[in-house]
Amino acid sequence: MSEQMVSRQAEVESVLRLAPVVAVVVLQRVEDAVPLARALVAGGIPAVEITLRTPVALEAIRAVANEVEGVAVGAGTVLNARDFHAAARAGARFAVSPGHSPALLDAAEDSELPYLPGASTASEAMTLAERGYRWQKFFPAVPAGGVDFVRALASPLPGIGFCATGGISAQTAKQWLALPNVVAVGGSWLTPSDLVAAGNWTAIAALAGEAARLVSPG
Ligand SMILES: O=C[C@H](O)COP(=O)(O)O
Ligand SMILES: CC(=O)C(=O)O
């Protein structure tokens with residue numbers, strides 16, 4: 001594996017180990033980005049994935065990267081090489097995808113930006129491991145097989161650590177974090193759209209606080 005790949009993987013690991021939960025955020029208004037990220041950081045959740053699902057996402061990433069101390073802001077829903085480069089230009093510290101494709105893996109190899117690609121089967125996880133990706137997003141975690149499925153991957157694929165995301169809640173996060181091959185979970189439950197729309201940053205900081213108190217042995 002190239003030295004660059006080793007250091008980008010180390011960076012992904014360090015982001016995933018900042019806290020038990022990566023906040024997955026869908027923003028409708030760019031002006032919400034900075035106070036929202038500050039609330040998450042204040043609650044103890046510094047890893048924030050802003051999904052490229054809305055027109056304001058890149059501007060939001062730029063604002064958070066420039067203005068929020070202590071945050072590790074990444075771009076989620078990176079679907080192609082163009083998204084990948086746009087995320088890097090906006091100042092994202094990492095990029096995340098629901099799956100992966102040959103073109104995306106090529107773009108990631110040509111870039112400095114640490115990358116967390118998605119997998120949801122043993123074969124996909126093995127394909128990514130062959131390309132040097134020890135840290136992977138297991139997505140969509142619940143519909144793709146749930147806790148039992150991911151637990152069953154731990155023994156045959158001991159080198160792979162997952163950030164399980166998709167369908168996880170405050171109530172179920174603990175079960176996921178107890179798996180030896182789950183280093184963190186991702187989820188949107190910390191930033192419900194009604195609280196974001198209402199600008200209720202205090203409530204979001206409280207949800208982040210609860211999430212930060214979860215523990216992962218992975
Ligand atoms: O990674 C992105 C997912 O949409 C987050 O899933 P969730 O909304 O079920 O937490
Ligand atoms: C689902 C996912 O991985 C993403 O939006 O990045």
Decide yes or no for [X] and [Y]: does some side-chain heavy atom of the first lie under 4.5 Å from some side-chain heavy atom of the second?
X	Y	answer
L179	F162	no
R93	S14	yes
V78	P117	no
V182	V150	yes
L58	L52	yes
F139	V96	no
T191	L40	yes
M126	L157	yes

Quick one: pull up [atom1] in [X] and [atom2] in [Y] and give me the separation to the nearest 0.5 Å.
X	Y	atom1	atom2	result
L128	K137	CG	NZ	13.0 Å
W201	R38	CH2	CZ	11.5 Å
S97	Y115	OG	OH	3.0 Å
L214	I45	CG	CD1	8.0 Å
L104	R82	CG	CZ	11.5 Å
L113	F84	CG	CZ	4.5 Å

Honestly curious: do [X] and [Y] fall in one hydrophobic cluster under the side-chain, below-4.5 Å linking rule?
X	Y	result
L27	I204	yes
V48	V30	yes
V24	V34	no
V56	V26	no

Check whether any side-chain N or O of [X] sits under 3.5 Å from a backbone N or O of [Y] as a donor-acceptor pair, and report yes or no.
X	Y	answer
Q9	R134	yes
S120	F138	no
T54	Q28	no

| field | CA sep, side-chain torsions, deciding dist, call: L16, L116, side chain to side chain contact (heavy atoms under 4.5 Å, CB included) | value | CA-CA 10 Å; L16 294 180; L116 180 70; 4.1 Å; yes

| field | Within 6.0 Å of CD in E59, more than 12 heavy atoms from elsewhere | value |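 Counting other residues, nucleotides and ligands, CD of E59 stays at 12 neighbours or fewer.
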
| task | Take T165 and V22 through the side chain to side chain contact (heavy atoms under 4.5 Å, CB included) test and state the conclusion after the steps. | result | CA-CA 9 Å; T165 307; V22 175; over 6 Å; no

Shortest non-hydrogen contact from [X] to [Y]?
X	Y	value
G70	P46	O-CB, 3.3 Å
I50	V64	CD1-CG2, 4.1 Å
W176	A164	CE3-CB, 3.5 Å
V185	C163	C-SG, 3.9 Å
G43	A212	O-CB, 3.6 Å
E49	A75	CG-C, 4.2 Å

| Which of these passes side chain to side chain contact (heavy atoms under 4.5 Å, CB included) with V41: V73, V68, L36? |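 Only one option passes, and that is V68.
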
| message | Under the rule for salt bridge (charged side-chain N to carboxylate O under 4.0 Å, His left out), what residues qualify as partners of D110, not counting sequence neighbours? | response |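 D110 satisfies salt bridge (charged side-chain N to carboxylate O under 4.0 Å, His left out) with no other residue.
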
| task | Indicate whether the side chain of T127 and that of Y133 have a donor and an acceptor atom separated by less than 3.5 Å. | result |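 Looking only at side-chain atoms, Y133 and T127 do not form any donor-acceptor pair under 3.5 Å.
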
| request: Report the residues that fulfil side-chain hydrogen bond (donor to acceptor under 3.5 Å, both in side chains) with E109, sequence neighbours left out, ordered by chain and then residue number. | output: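 So E109 forms a side-chain hydrogen bond (donor to acceptor under 3.5 Å, both in side chains) with R131.
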
| request: Could you go through the side chain to side chain contact (heavy atoms under 4.5 Å, CB included) check for W189 and E210 one step at a time? | output: CA-CA 11 Å; W189 82 85; E210 281 169 30; over 6 Å; no

| said: Run I160 and N181 through side chain to side chain contact (heavy atoms under 4.5 Å, CB included) and show every step you take. | reply: CA-CA 7 Å; I160 297 175; N181 55 346; over 6 Å; no

